[in-house]
Amino acid sequence: MTTIEPPAEQTATRRAWLREHSELGVCVLLLALGAVVLTDALTMDVALTQRGPVGPRTVPVAVGTGLLVVAVLLAVDVLRGGRGKAEGGEDVDLSEPADWRTVLLLAGVFLATAVLIEPVGFPVAGALLFWGAAYALGSRAFHRDPLIAAGLSLVTYAVFNNLLGVPLPGGPLMGVL
């Protein structure tokens, strides 16, 4: 079986068109997200929780529908030649390369928090999260940052666990806190 490859001119033209209409990728993402939200909302079992005309499906259906509408409107705008314009306050230099070190450090800190939250509890994992994020974003106050991270983590744990009633894993510190 032989495949016919398009001429280089057609490939270049296709790439240029895709580059000029790259916002369509956002449209596809919004469309997929809207479909997922609507599918989840419409397949939700609400027989026990329905207490009136407005039930637990209302907001997810409205959000999913809104996502689909925005995706279609954005696609129409992009195909008509609309382009996003940078705000006056944006000072992003697109000629500079991405700071992958910071991105990878932050991703590692979030992954470590997700792995450690169950065995060591939120106060310890949260302190590592706050300190690691501060380090990844450039803070080098090694004598101050861990103390602030520990305090912020304990306050966050107390607010969520005790005031809001959202149980967070305490880990080994469960009996102490």
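The analysis underlying the following values was restricted to heavy atoms, covering all of them including side chains, and did not include hydrogens, waters or symmetry mates.
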Please tabulate, for side-chain N and O atoms in residues 97-105, each donor-acceptor pair with protein atoms closer than 3.5 Å (sequence neighbours left out).
| unit_1 | atom_1 | unit_2 | atom_2 | d |
| --- | --- | --- | --- | --- |
| Asp99 | OD2 | Thr102 | OG1 | 2.5 |

Is there a side-chain contact between Pro167 and Asn161 (heavy atoms, below 4.5 Å)? yes
List the atom pairs, donor and acceptor, that lie under 3.5 Å between side-chain atoms in residues 64-81 and the rest of the protein, sequence neighbours left out.
| unit_1 | atom_1 | unit_2 | atom_2 | d |
| --- | --- | --- | --- | --- |
| Thr65 | OG1 | Val61 | O | 2.7 |

If you take all heavy atoms of Ala114 and Ile117, which pair is closest and at what distance? O-CG2, 3.7 Å
Got a sec, which residues hit side chain to side chain contact (heavy atoms under 4.5 Å, CB included) with Leu164, two or more places apart in sequence or on another chain? Val159, Phe160, Val166
Could you tell me which residues satisfy side chain to side chain donor-acceptor pair (under 3.5 Å) with Thr39, sequence neighbours excluded, listed by chain and number? none
Name each donor-acceptor pair under 3.5 Å that joins a side chain in residues 129-151 to protein atoms two or more places apart or in another chain, with its distance.
| unit_1 | atom_1 | unit_2 | atom_2 | d |
| --- | --- | --- | --- | --- |
| Ser139 | OG | Asp145 | OD1 | 3.3 |
| Ser139 | OG | Asp145 | OD2 | 2.5 |
| Arg140 | NH1 | Tyr135 | O | 2.6 |

If I take atom CG from residue Leu33 and atom CG from residue Leu38, how far apart are they, to the nearest 0.5 angstrom? 10.0 Å
Give, for atom CG of Asp40 and atom CZ of Arg57, the distance between the pair rounded to the nearest 0.5 Å. 11.5 Å
Test of understanding: clusters of I, L, V, M, F, W, Y form through side-chain heavy atoms closer than 4.5 Å, transitively. Do Leu24 and Val26 belong to the same one? yes
Indicate, with yes or no, if Val63 and Val28 share a hydrophobic cluster defined by side-chain heavy-atom contacts under 4.5 Å among Ile, Leu, Val, Met, Phe, Trp and Tyr. no
Between Gly170 and Pro123, which heavy-atom pair has the shortest distance, and what is it? O-CD, 4.1 Å
Side chains of Leu116 and Leu128: closer than 4.5 Å at any heavy-atom pair? yes
